[in-house]
Structure formats: structure tokens, C-alpha cells
Amino acid sequence: MTTLDATLRSAEEQDLDAIVELLGDIEKYYGAVHIDSTEVLTAQTRRALFGDFPMAQALVCFDGSSQALIGFASYSFLWPASGATHTLFVKELFVAESHRGKGLGTLLFEQILQIANSREDCSRVEWTADRNNPTATRFYTAQGFKEDEGKVYYRWSKPEQ
């Protein structure tokens, strides 16, 4: 593992262009055939993270020398969890291919856990990983986490028009 020279912080609106570019990389990583235009992605991301009613929060990680966005984690708080507490749900944890294996994923995930732990009303962190993504499943296993056998994951997608 190489030493990591990076800046990790909460996403700010000034990061929008870099986030949109990385979202394109995420879509390609997952095999997307069609990626929306930069204008559409920018508008959607602006509303989701910085709109009047933000749907999510994000951590961003910039390379210390080039200042390129090299890591991203998005999350939302869900309610209710155990009792009437919240769950921090991690939707995406992504590290640019050129920076994988340097500890950045661990750094992002540790920050997510710290955010959850700092909130008295947050009782757990949950996330999913695609079964056909061995890189992700190895990462979470290496962090000491085990697959939750008690959950079944469902998805509905809006029909294309």
C-alpha cells in the first residue's frame, strides 16, 4: 500500500463538475451503455446534493498533488431503524481506478462510520454490494464485515419512455 496524499471532506457545490465527471466513471464501471449528458447529470446532482431538499450527502476525496477527485461516497439517513433511530445508508463508495489499493476506500468508509457514530440518533450503517463485483465484496470482507443473510434486496425501475 502506498502512502496516500489526499484531502477528504464533505462535498460542496464547487465540487459539482468533478463529481459529475466521477459519476460518469461510476456508470462506466457498472457497464452502462447510455450515460446522460453532462447537463442532465449536473442538474440532477445539484438537486440531489445541494437543492432546497437534498436527497443525499457526499464525501469527496481529492488527490493532494493533482487536486483531481479520486474518491466519492454518497449516503442518506433513513428512518426508522431500530426503535425510532436512523440508519446511515451508503449508496455509493467509489475510488478512481488509478488510486485503488492505496487505502482510500478504507479512509472513506471509516469517515462514514465516524459520521454515523457521531450522531446519537443513528443506530447503524447499511449498504449493498453487487454479487458480481468481487472487488467490492473482497473490500468489505477485508474490513471485517460479513454479508447479512437476513435481507433480500428488491428494485423497481421506472419504465423507459
Side-chain angles (χ1 to χ4, degrees), residues 1-78 86-119 122 124-148 153 155:
M1 184 183 310
T2 349
T3 304
L4 187 63
D5 176 21
T7 302
L8 176 64
R9 62 174 169 73
S10 294
E12 299 171 358
E13 196 158 359
Q14 69 191 24
D15 304 323
L16 193 56
D17 291 341
I19 292 170
V20 168
E21 185 177 334
L22 193 64
L23 288 175
D25 292 346
I26 292 169
E27 290 294 322
K28 290 174 193 166
Y29 179 81
Y30 286 115
V33 177
H34 169 77
I35 299 174
D36 288 328
S37 71
T38 300
E39 293 77 22
V40 169
L41 287 174
T42 299
Q44 290 173 337
T45 304
R46 180 177 280 118
R47 279 192 307 273
L49 293 177
F50 310 111
D52 292 336
F53 183 67
M55 302 167 110
Q57 296 177 55
L59 295 173
V60 290
C61 191
F62 289 90
D63 180 275
S65 55
S66 71
Q67 292 305 302
L69 182 60
I70 56 173
F72 173 81
S74 64
Y75 62 95
S76 300
F77 287 96
L78 306 176
H86 297 85
T87 292
L88 186 155
F89 183 79
V90 181
K91 174 57 182 105
E92 195 64 58
L93 178 70
F94 187 80
V95 174
E97 187 173 357
S98 60
H99 285 76
R100 293 186 190 141
K102 299 178 181 179
L104 182 54
T106 300
L107 183 68
L108 283 161
F109 206 78
E110 286 173 351
Q111 184 64 33
I112 290 284
L113 296 175
Q114 187 176 348
I115 290 167
N117 197 42
S118 71
R119 293 193 50 156
C122 184
R124 59 186 174 212
V125 175
E126 295 181 335
W127 62 95
T128 63
D130 292 341
R131 290 190 189 282
N132 63 353
N133 186 346
T135 303
T137 55
R138 277 193 307 269
F139 170 77
Y140 293 121
T141 300
Q143 302 301 310
F145 299 107
K146 293 185 170 106
E147 181 179 344
D148 184 330
Y153 180 69
R155 175 181 288 163

Fill in: Pairing residues for Glu147 by the side-chain contact (heavy atoms from CB on, under 4.5 Å) criterion, not counting sequence neighbours
Arg131, Glu149
Discussion item. Which heavy atom of Ile19 sits nearest to which heavy atom of Ala11, and what is that distance?
Written reply: CD1-CB, 3.9 Å
Fill in: Crowding at CD, Gln14 (>12 non-hydrogen neighbours, <6.0 Å)
yes
Worksheet, complete the sentence: Correct closest heavy-atom pair for Cys122 and Phe77 would be SG-CE2, 4.1 Å
Discussion item. If I compare all heavy atoms of Gly71 with all of Leu22, which pair ends up nearest, and what's the gap?
Written reply: C-CD2, 4.1 Å
Fill in: Residue from Val60, Leu93, Leu108 passing side chain to side chain contact (heavy atoms under 4.5 Å, CB included) with Phe72
Val60
Worksheet item: About how many Å separate CZ of Arg124 and CG of Leu88, when rounded to the nearest 0.5 Å?
Response: 11.5 Å
Worksheet item: Within the distance-only criterion (no hydrogens, no angle test), does the side chain of Ser76 pair as donor or acceptor with the backbone N or O of Met55 below 3.5 angstrom?
Response: yes
Discussion item. If you define the side chain from C-beta out and look only at heavy atoms, does anything of Asp17 sit under 4.5 Å from Glu21?
Written reply: no
Worksheet entry | Any pair counted as ring-ring contact (aromatic ring centres under 6.0 Å, His included), so long as it reaches residues 94-116, sequence neighbours left out | Tyr29-Phe94, Phe109-Trp127, Phe109-Tyr140, Phe109-Phe145
Fill in: Atom pair CG (Asp63) and OG (Ser98), whose distance is rounded to the nearest 0.5 Å
8.0 Å
Worksheet item: Can you tell me how far the CD atom of Glu12 sits from the CZ atom of Phe50, to the nearest 0.5 Å?
Response: 8.0 Å
Item to complete: Working to the nearest 0.5 Å, report the span between OG1 of Thr128 and CD of Glu92.
Response: 8.5 Å
Discussion item. Do Ile35 and Leu41 have side chains that approach each other closer than 4.5 Å (heavy atoms only, starting at C-beta)?
Written reply: yes
Worksheet, complete the sentence: Contacts of Asn117 meeting side chain to side chain donor-acceptor pair (under 3.5 Å) (sequence neighbours excluded), chain-then-number -> none
Worksheet item: If you look at every heavy atom in Asp15 and Ser10, which pair is closest and at what distance?
Response: OD2-O, 4.3 Å
Response to the item:
Value for OG1 (Thr135) from CG (Asp130), rounded to nearest 0.5 Å, stands at 11.5 Å
Discussion item. Checking Asp36 against Gln44 for the side chain to side chain contact (heavy atoms under 4.5 Å, CB included) test, could you report, in this order, the C-alpha distance in whole Å, the side-chain angles of both residues, the deciding distance, and whether it holds?
Written reply: CA-CA 10 Å; Asp36 288 328; Gln44 290 173 337; 4.1 Å; yes
Worksheet entry | Derivation of the side chain to side chain contact (heavy atoms under 4.5 Å, CB included) call for Gln111 and Leu107 | CA-CA 6 Å; Gln111 184 64 33; Leu107 183 68; over 6 Å; no
Discussion item. Once rounded to the nearest 0.5 Å, what's the spacing between atom CG of Leu104 and atom CG of Leu8?
Written reply: 7.5 Å
